[in-house]
Amino acid sequence: MLDIKLIRDRTDWVEERLRTRGGRHDLNAFRLLETEKRALQTETEQLQAERNAVSREVGVRKQRGADAGELLARMKELGPRIKELESRLRAQEERLQALLMELPNLPHPSVPLGADANDNVEVRRWGTPPTFSFTPLNHWDVGERLGILDFAAGAQIAGARFTVLRGAGARLTRALISFMLDLHTTEHGYTEILPPMLASAAALQGTGQLPKFEAELFATRDDPFYLIPTAEVPLTNLVRERILAAHELPLKLTAWTACFRREAGAAGQDTRGLIRQHQFDKVELVQITKPEESNQALESLTRDAEQVLQRLELPYRTVALCTGDMGFAAAKTYDLEVWLPGQGRYREISSCSNTEAFQARRMQARFRREDGNKAEPVHTLNGSGVAVGRTLVAILENFQQADGSVIIPDALRPYLGGLGKLTMA
RNA sequence: GGAGAGAUGGCCGAGCGGUCGAAGGUGCACGCCUGGAAAGCGUGUGUACCCCUAAAGGGUACCGAGGGUUCGAAUCCCUCUCUCUCCGCCA
C-alpha cells in the first residue's frame, strides 16, 4: 500500500512512477474521492462534537433536576443526521481503501526502466555452464530414467502439474531442504520457522496477494483459508499489527514450506517437468528491517540466496528486474537464474525483493526508534533461498553423466549418508 | 464436536448508562533527592485520522470485531472472532 499522503501531495509524480511499471493508474479519481471524503469527515466530526457537548449538558441538567427538553429535541435531529453521515463516510473510506489496495508499489530509483523481461539487466554471473560429450537431457528424462520422478503418478493422484518423487528423488529433496536451512541458520543468521501453510485472507492481504490476485490462489471450500503460495506470507505476517522495538531489528527468518499456486494463465507454459507445479517446496528468506537498512539488506539477502547455488556448484546469473517486470509489492527485485543444460538457458530459481514499507503499511507492521517517537512502518524483504524443486531440476541437468547417472554435489553428500551419485537401478 | 469462563492502556487490574481515553497499581521516561545507587517525591507516558500549523493548539473515533437499544454505551441486547478450562475425538 502506498502512503496516502504521498499520493495526495505528489499525485503527478506518483502517477509517473507507477507508469514506469506499465498499466494505467488514474490517481485523479483517487484524489477527488479523497478530497470529498475529508469534507465529509469534517462535517461528520463537527456534528459528533455537538452531540457530545449537548448530551453531556443533558446529563448535567438531569442531575440537577433541571429541564432538558429543548436539548433533547436538538438531539432528535442530530441523531439520524449523524448516522447518515457516518455511513456515507464509511462507504467513502472503503472505496478509497479498495483503490489503494489495487495500486502496486513504486519502483526504487535504482531499478532499470523497461517494459518486460527483455529489459532486465544482468548484474553478475557465477560459474561456467558445463560442457557435455553428449546431448544433455531434460530433467524429466533424467529423472524418469532414474525412477525418481513420476509424473504419471502425480497426475493419477491430483492431476496435471503434480509430481510424485520416489526414493532418491524424495530423499534428495529432503536433503536440499535441510542443507538450505542449515546454511541460512548457522552461517547467515536466520531463525528457522515452521509456519502454518494455510493462511487467512487478512494475512494474504498484508503481503499483497489479495485482493488483486485471488485467481492465483487455492482456497479451502468450507473454511476461510487459502493455501500459501509462498512462505513469504506467513513469515512476513509474523509482524502484522505489531510495533517492534528498534533493537529487535533486523529480523531474519527462514522457513521451508510447500507452496501452492494455481498458475492461472500459465496454460501451455512449462507443461512438462518440475519447473511449474501447483505444489512445490521452497526455502524462503524474510527480513524485517529499519527503512534506512533495507537497501543493504536486499543486497545481503540476495547474496545469501546465491550462496546456496555456489555451494551446490550450480552456474547462475543475477538479474535486476526492470520496472515493467517486477511483482506487485516489490520496490526492487533481483532474480537468480540457474543454468539449465536441458533447456540451454538460465531459468529463474529465486526472486529477492525489497518491498520497503508497502507490505508493512498494509499489515500495520511498525517499529519504534530508541528516541521513543512515533512508530513508523518497517521495511520487509523476501527472497527464495531457494526454490527446491527447481534446484533438483538444476542438479539433474547440470550433473548428468553419459551413463544416465547424476553426480551429487559435495555440499549435499552429508545429507545423503555420503551418497555421491544417483544411478539407474 | 459438546459444556463453561473470559477479552479494558506496555503489563496487571477497577469501572452504578451521563462530565470515562478510562481509577489504582506496575513498568518505562524525565526531574528532584544522593558521593553514587536504592527508597522516596514530582511530572509525563496509547493508536489512527481530521482541522490548524512555524510551533502550540483543537476535534473525532477506538475499552476483541460488527450491528442494535438510547438524547447519551466500556457499561444494556444480538451476532461473530479469538483465548482459557473441562469432556469427546485425534496425529
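Naming convention: chains lettered A, B, ... in sequence-line order (proteins, then strands); numbering from 1 in each chain. As the structure is a prediction and not an experimental result, all values here were calculated from the model.
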**Student:** Rounded to the nearest angstrom, tell me the gap between atom CD in A:Glu93 and atom P in B:rA61.
**Tutor:** 13 Å
**Student:** Choose from B:rU60, B:rC50, B:rG67 the nucleotide whose nearest atom is closest to any side-chain atom of A:Ala49.
**Tutor:**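 Taking heavy atoms from C-beta onward, the closest nucleotide is B:rU60.
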**Student:** Looking at every non-hydrogen atom in both residues, tell me the closest pair between A:Val338 and A:Ala394 and how far apart they are.
**Tutor:** CG2-CB, 3.8 Å
**Student:** Can you tell me how far C1' of B:rC51 sits from CD of A:Gln41, to the nearest Å?
**Tutor:**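 Atom CD in A:Gln41 sits about 9 Å away from atom C1' in B:rC51.
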**Student:** Using a distance-only test with no angle check, is there a side-chain donor-acceptor pair under 3.5 angstrom linking A:Arg21 and A:Thr323?
**Tutor:** no
**Student:** Assuming nearest nucleotide by heavy-atom distance, tell me which of A:Arg56 and A:Thr42 is located more 5' along RNA chain B.
**Tutor:** A:Arg56
**Student:** What integer number of Å spans the C1' atoms of B:rC41 and B:rU60?
**Tutor:**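 The answer is 37 Å between these two C1' atoms.
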**Student:** Kindly give the atom pairs (protein nitrogen or oxygen, nucleotide nitrogen or oxygen) under 3.5 Å for nucleotides 44-47 of chain B.
**Tutor:**
from   : atom 1 : to       : atom 2 : distance (Å)
B:rU47 : OP1    : A:Arg368 : NH1    : 3.1
B:rU47 : O3'    : A:Arg366 : NH1    : 3.0

**Student:** What is the distance from CD1 of A:Ile4 to P of B:rC50, rounded to the nearest Å?
**Tutor:**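 In whole Å, B:rC50 P and A:Ile4 CD1 are 8 Å from each other.
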**Student:** Using the P atoms only, state how far B:rG64 lies from B:rA73, rounded to an integer number of Å.
**Tutor:** 16 Å
**Student:** Is it true that the side chains of A:Ser294 and A:Glu356 contain a donor and an acceptor less than 3.5 Å apart?
**Tutor:** no
**Student:** Verify the contact: side-chain N or O of A:Asn52 to OP1 or OP2 of B:rA61, cut-off strictly under 4.0 Å; return yes or no.
**Tutor:**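 It does, given that an N or O in the side chain of A:Asn52 lies less than 4.0 Å from OP1 or OP2 of B:rA61.
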**Student:** Hey, are A:Gln92 and A:Arg88 close enough side-chain-wise for a donor-acceptor pair under 3.5 Å?
**Tutor:**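 No donor-acceptor contact under 3.5 Å links the two side chains.
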**Student:** With P as the reference atom in both, quote the distance from B:rC51 to B:rA38 in angstrom, rounded to an integer.
**Tutor:** 46 Å
**Student:** Just checking, any donor-acceptor pair under 3.5 angstrom between side chains of A:Thr163 and A:Gln277?
**Tutor:**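 Looking only at side-chain atoms, A:Gln277 and A:Thr163 do form a donor-acceptor pair, the distance falling under 3.5 Å.
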**Student:** Determine the interatomic distance between P on B:rG35 and the same-named atom on B:rA22; round to the nearest Å.
**Tutor:**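 Taking atom P in both B:rG35 and B:rA22, they lie 40 Å apart.
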**Student:** Starting at atom CD of A:Glu86, determine the distance to atom P of B:rG59, rounded to an integer number of angstrom.
**Tutor:**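 Interatomic distance, CD of A:Glu86 to P of B:rG59: 18 Å.
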**Student:** Whole angstroms only, please: what is the CG-P distance between A:Leu89 and B:rC50?
**Tutor:** 11 Å
**Student:** In sequence, state the C-alpha distance, the side-chain angles, and the governing distance for A:Arg19 and A:Glu16, and then conclude on salt bridge (charged side-chain N to carboxylate O under 4.0 Å, His left out).
**Tutor:** CA-CA 5 Å; A:Arg19 202 161 21 236; A:Glu16 187 189 313; 5.5 Å; no
**Student:** In whole angstrom, give the distance that lies between atom CE of A:Met75 and atom P of B:rG18.
**Tutor:** 15 Å
**Student:** To the nearest angstrom, how far is A:Leu40 atom CG from B:rG59 atom P?
**Tutor:** 21 Å
**Student:** Nearest nucleotide by nearest heavy atom, which residue falls closer to the 5' end of RNA chain B, A:Lys76 or A:Arg90?
**Tutor:** A:Arg90
**Student:** Regarding A:Glu77 and A:Arg81, does a basic nitrogen lie under 4.0 Å from an acidic carboxylate oxygen?
**Tutor:** no
**Student:** Please list all pairs meeting salt bridge (Lys or Arg N to Asp or Glu O under 4.0 Å) that have one or both residues in residues 173-192 of chain A, counting only residues at least two apart or in different chains.
**Tutor:**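 Sorted result for residues 173-192 of chain A: A:Glu187-A:Arg311.
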**Student:** Expressed as a whole number of Å, how far does the C1' atom of B:rG13 sit from that of B:rG17?
**Tutor:** 22 Å
**Student:** Measuring to OP1 and OP2 of B:rU70, would you say a side-chain N or O of A:Arg51 lies under 4.0 angstrom away?
**Tutor:** no
**Student:** Please work out the stems of RNA chain B from pairs that are Watson-Crick or G-U wobble with both distances under 3.5 Å, keeping only runs of three or more consecutive pairs.
**Tutor:** B:1-7 with B:81-87, B:10-12 with B:24-26, B:27-32 with B:40-45, B:46-51 with B:57-62, B:64-68 with B:76-80
**Student:** On a whole-Å scale, what distance lies between the P atoms belonging to B:rC50 and B:rU45?
**Tutor:** 23 Å
**Student:** Closest heavy-atom contact between A:Arg276 and A:Arg161?
**Tutor:** O-NH1, 3.2 Å
**Student:** Could you tell me whether the phosphate oxygens of B:rC71, OP1 or OP2, come under 4.0 Å of any side-chain nitrogen or oxygen in A:Lys83?
**Tutor:** no
**Student:** Please state the C1' separation for the pair B:rC63 and B:rA48 - nearest whole angstrom.
**Tutor:**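 Nearest-Å result for B:rC63 against B:rA48 at atom C1': 16 Å.
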**Student:** Under 6.0 Å between the ring centres of A:Phe218 and A:Tyr226?
**Tutor:** no
**Student:** Looking only at non-hydrogen atoms, find the nearest pair between A:Asn105 and A:Thr355 and report the distance.
**Tutor:**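 Distance-wise, the nearest heavy atoms are ND2-O, 3.0 Å.
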**Student:** Expressed in whole Å, how much space separates the C1' atoms belonging to B:rG88 and B:rA3?
**Tutor:**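 11 Å, rounded to whole Å.
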**Student:** How many Å lie between CD on A:Gln46 and C1' on B:rC52, as a whole number?
**Tutor:**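 Distance, rounded to whole Å: 13 Å.
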**Student:** Report which part of the nucleic acid A:Arg8 touches: base, sugar-phosphate, or nothing (heavy-atom distance under 4.0 Å, all strands).
**Tutor:** sugar-phosphate
